[in-house]
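Chain letters run A, B, ... following the sequence lines, proteins first and then strands; every chain starts at 1. Fair warning: this is a prediction, and the values are worked out from it, not measured in the lab. Just so you know, these numbers use all the heavy atoms, side chains as well, and skip hydrogens, waters and symmetry mates.
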Number of protein chains: 2
Amino acid sequence: VPEELSREEARERLRRALEAHDAEGTIALAEEHPRSIAEAAYELSSTELAYLLLVLGDERLARVVATLDASETADVLLRMSRAQAADVLEEMAPDDAADVVGELEGSEAESILVEMEPAEAEDVRELLAYPPDTAGGLMTPEFLIVSPDLTADQAIERVRDFVEEDRSAYHVYVTDAEEHLLGVLPLHSLVLSGRQMLVRDLMIPREDTVAVAVDMNQEDVARLFGERRLLALPVVDGSDRLLGLITADDVADVVEEEASEDIALMGATSPLEQPYLRTSILEMVRKRIGWLLLLFVAETLTGSVLRFFEDELARVVALSFFIPLLIGTGGNAGSQTVTTIVRALALREIRFRDAGRVFMREAGSGVILGLLLGVIGFGRALLWGTHLPLALVVGLTLLAICAWANTIGSLVPLVAERLGIDPTVMSAPLITTLVDASGLFIYFTIAKILLGL
Amino acid sequence: VPEELSREEARERLRRALEAHDAEGTIALAEEHPRSIAEAAYELSSTELAYLLLVLGDERLARVVATLDASETADVLLRMSRAQAADVLEEMAPDDAADVVGELEGSEAESILVEMEPAEAEDVRELLAYPPDTAGGLMTPEFLIVSPDLTADQAIERVRDFVEEDRSAYHVYVTDAEEHLLGVLPLHSLVLSGRQMLVRDLMIPREDTVAVAVDMNQEDVARLFGERRLLALPVVDGSDRLLGLITADDVADVVEEEASEDIALMGATSPLEQPYLRTSILEMVRKRIGWLLLLFVAETLTGSVLRFFEDELARVVALSFFIPLLIGTGGNAGSQTVTTIVRALALREIRFRDAGRVFMREAGSGVILGLLLGVIGFGRALLWGTHLPLALVVGLTLLAICAWANTIGSLVPLVAERLGIDPTVMSAPLITTLVDASGLFIYFTIAKILLGL
C-alpha cells in the first residue's frame, strides 16, 4: 500500500541519499515513492539530475517521470543533456513519449529526437502527426500482431519475442498482410487452446471486435471505454487497417483533462496548459483578460439601464439599496442552472431536442425558488423598515428574477449547442452578467408600476 | 467503428423488431448499438421489456444495460419482475451489480437479492458493506488466485476453469492459505514459462506489487492508476489479505463522477444523484435552495453597506450607475481565480503550504488585470459624460476591486483546505457574494475621499 511522501520529505531524503552516494537507497526511494521523487527531481540541479539518471538507469527514471504530467516531464528533460533526455524518452511508452515531446518547442523537440534510436524516434514522429485530442493522439503504436494462419504455438513464440522487449501483451491482434484488422485474440484463449489450433479459429472475429477510427474525438473514446467496460481498444484508419492501441489507463487522463477544461471555461477563464505554479503571472493574465474584458463591456449595459431609470432612482434612493441583492441572487440562480445544464450536456444526458422539457423544469424550479426567496426578501425588507409597497416590489422582483435567471441559464447553453458552439463557454459569469442588466430592467419596471413612479 | 444511433431511431427500430418478432434483428441491434438500445429500453412497457429479455437472454441484456449509469440500470430493473431482475444482475460483474443494487430502496434491493443465486447475492452483499467512494466500493471480488506451490501447468488449469465461467483473467494473484497477497503473475509469464516451473518462481513478488488498502478514497485510487499507468490493482485489508481487484475501466467512471461533483459544487448547487431528466423538479429545488438561501442572506450585507452610505448616494445619484458594473467585474475576477485555485487544489498542483506563492501570483495578476480594466473603465465613464473626479473613482475602484477579488478568490479556498473543509464548496457564487459587499465598501470609501463627500 503506497504512502505518499510530502514533497519536502522526498526532496530531503533524495538529497541525503544522493550526497551519501547511496545507490541502493536512491533506488528503493524511487521504487516506493515514484511520484514524490519525480516532484523532488524538479528541484535538483542538472548535475544532481545527471547523477540520479546514472544511479537509477534510463528505465527506472522513465518510470519515475511517467508519474508526472507530460508538461512537467518535458520540464525535467529540458534540464538534462539531449542525449540523456533521449535515453529516458526511449524507455517510455511511445504514446507517453509523444505527449512529452509535443510539449517541447519545435527545435528543442527535434534536437532530442535526432538523439533517439531511429525506430523509436520514428514512432514518436508518427504519433505527433495526429491531433492530441483524437484517438490517434492517445494510441500507442506498440502492439502485437499475428497472422490468422499461425498455430497457437507459433503465436506464443511471437508473444515471447514481444514480452522479452519488456512490453506487456494482454491482447494479440490478428491482421492480414496489409494490416487490415481481422480479429482479436485474448491471451487466455492462446494459453488454453490446443497448441496446433489456428489463430483464425481461436480469435474473436472482426464483427465482434469494437474498434475506433483514428480521428475519433478523445471524449467519445473515453465514453466508449466507460460504456463497454473495455481495457483496450484497437484504432483503425478509414480502410480498417490497424494503426494502434488505446489502453484504459490513458482514458482516465482524458476524462480529467476534459473536466479541467470544462471547469476553467465555466469559471470564464481559459484552461492552463501547465500546472498552476509553473504558469507565469503574465500567462495567467493572458488566460483571463479576454473573458474579463468581454464581460466588462457587457456589464456596462447595467449602467445604461440605471441611467434610463435615473429619475426613479433620484426620487426613491432606497431603490438602490436592493440592487446588489436582487441582481446577485439572480446571478446565483442563473449560475446554478447553467452549471447543471452544461454538465448534463457534457454527459449527453440532454440534447437540444430536450429543450422543451428542460425549459419546463427550469422555469418551474425558478418559480418555486423565487417564491421562497420572494417571501423571505419581502419580510427582510419590512424588518429593515422599508415601506410596504417597496418591500412588495422587492419580493415580486425576486420571484421574477429567479424564474428569468433559470430560463436564461438553461436556454442559452442549449441554443449554443444547437449553433455548434461549445456550451461550456456559456459560463456562470456570462449568465450572471446577462441577468444583471435584464434583472435591473425587471426591477425598475415592477417599481414603476407598483410605486407609480 | 461503432456509430451512435439517435434515441428516437433506436426506439423506432427496436419497436419494429420486437413487433415483427424478429429475434435475429433485435440481437443484431443490441450488439451493434448497446447504449442506444439501453436508452430505448426505458420507454418500453414491462411486457415489451420481458419480451426483450426473452429474446436477448440474461447475459446479452446485462451487457446492454451495463452501458447505463447504475441509477438508470436500477430504473430499468424495477420495471421487470424480481426474478427477471435477479437473472440480469447475476450476469453483471459483481461490482457493477452492487452499484445497481445500491441505488435501490432497501426493501426492493432485498427482494431482488433473495431471488439471486446465493453465491452471487453474497458477493453483492459483501460489496455493499464498503462505502461506495472507497477502494472497497470499486473492487470486484471476482479474481483468480493460485497457491505459490503450483506448477505453471496446474496454474493454467486454474485459468481454464476461471475463464470457462466467462470471466476474463489478465492477471493471476498468488496468495497463501490465509489469502495473504504474495505476488502477482502476469498471464504472459505463465504462457511463456516452462510447464513445470513453480508459480513462486514466476510471480512478481509482493514488494514489487502495488496494492491499495480497502478504505482508500476513490480519488486517491484513481490518481494512483494514472500515475503508475496500471490496468489492474489488487485491494487488501489491514493484514494484507487480498479482498478484491480494481480494473482501469472502473477508474474513468470515478474521475467523471468526481468532476461532476466538483463542477456542481463550484456552481453552488449540490450534485444530482440521477441523470438530469430523471430528477424531479422538487428534487432540483432541494439541491439548490440551501446555497441560494445562504448566499441570499450573505448578499443582504450589500444592503447594509449601501444604507451606511445613504447620504453619499443621495448627494451623488450617479454613484449608483456604476454599482453593478464594479461589483460584477469584481465577481467575475473572483470567479476566475477561485475556479483556477480550486481545480489546482483538486489536482494536487498546490497545497496550503504554497499559500504565500499563490497569494503573490494572484495579487500580482489582480493588479495587472485591474490596471487594464481601470484605464478602460475610466475612459468609458468619461465617454458617458461622467465628470472627471467620479470617472477617476471608477477607475481606481476597478483596480482595487480586481486585486481584492483575486486575493479573496485564492485565499478562501486555501484556508478552507487548511481547515479540513472541501475547498470545492468555495464556489464562484460564494466569492462573488463576498466581493459584492466588500467591493461596495471599497467603492464608497474611495468616493468619499476623492469626491470629498
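Between B:R223 and B:E227 there is no salt bridge, since no side-chain nitrogen of the basic residue lies less than 4.0 Å from a carboxylate oxygen of the acidic one. Salt bridge status for A:R278 with B:E349: absent, with no side-chain N to carboxylate O gap under 4.0 Å.
Highest contact tally toward chain A, considering only B:L295, B:L190, B:V251, is held by B:L295 [criterion: heavy-atom pairs under 4.5 Å]. Counting heavy-atom pairs closer than 4.5 Å to chain A, the top residue among B:S260, B:P271, B:A346 is B:S260. The candidate with the highest count of non-hydrogen atom pairs below 4.5 Å against chain A, out of B:T337, B:T433, B:D69, is B:T337. The candidate with the highest count of non-hydrogen atom pairs below 4.5 Å against chain A, out of B:I263, B:T329, B:L230, is B:I263. Counting heavy-atom pairs under 4.5 Å between each of A:P429, A:S365, A:P324, A:A344 and chain B puts A:P324 at the top.
Both the backbone and the side chain of B:N332 come within contact range of chain A, each with at least one heavy atom under 4.5 Å from a heavy atom of that chain. Looking at A:L301, there are no atoms closer than 4.5 Å to chain B (heavy atoms on both sides), in backbone or side chain.
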Exercise. What do the steps show when you test A:E256 against B:R348 for salt bridge (charged side-chain N to carboxylate O under 4.0 Å, His left out), and what is the final call?
Worked result: CA-CA 13 Å; A:E256 190 158 280; B:R348 303 267 175 103; over 6 Å; no

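For B:D354, the salt bridge (charged side-chain N to carboxylate O under 4.0 Å, His left out) criterion is met by no residue, not counting sequence neighbours.
Aromatic ring centres of A:F322 and A:W384: separated by under 6.0 Å.
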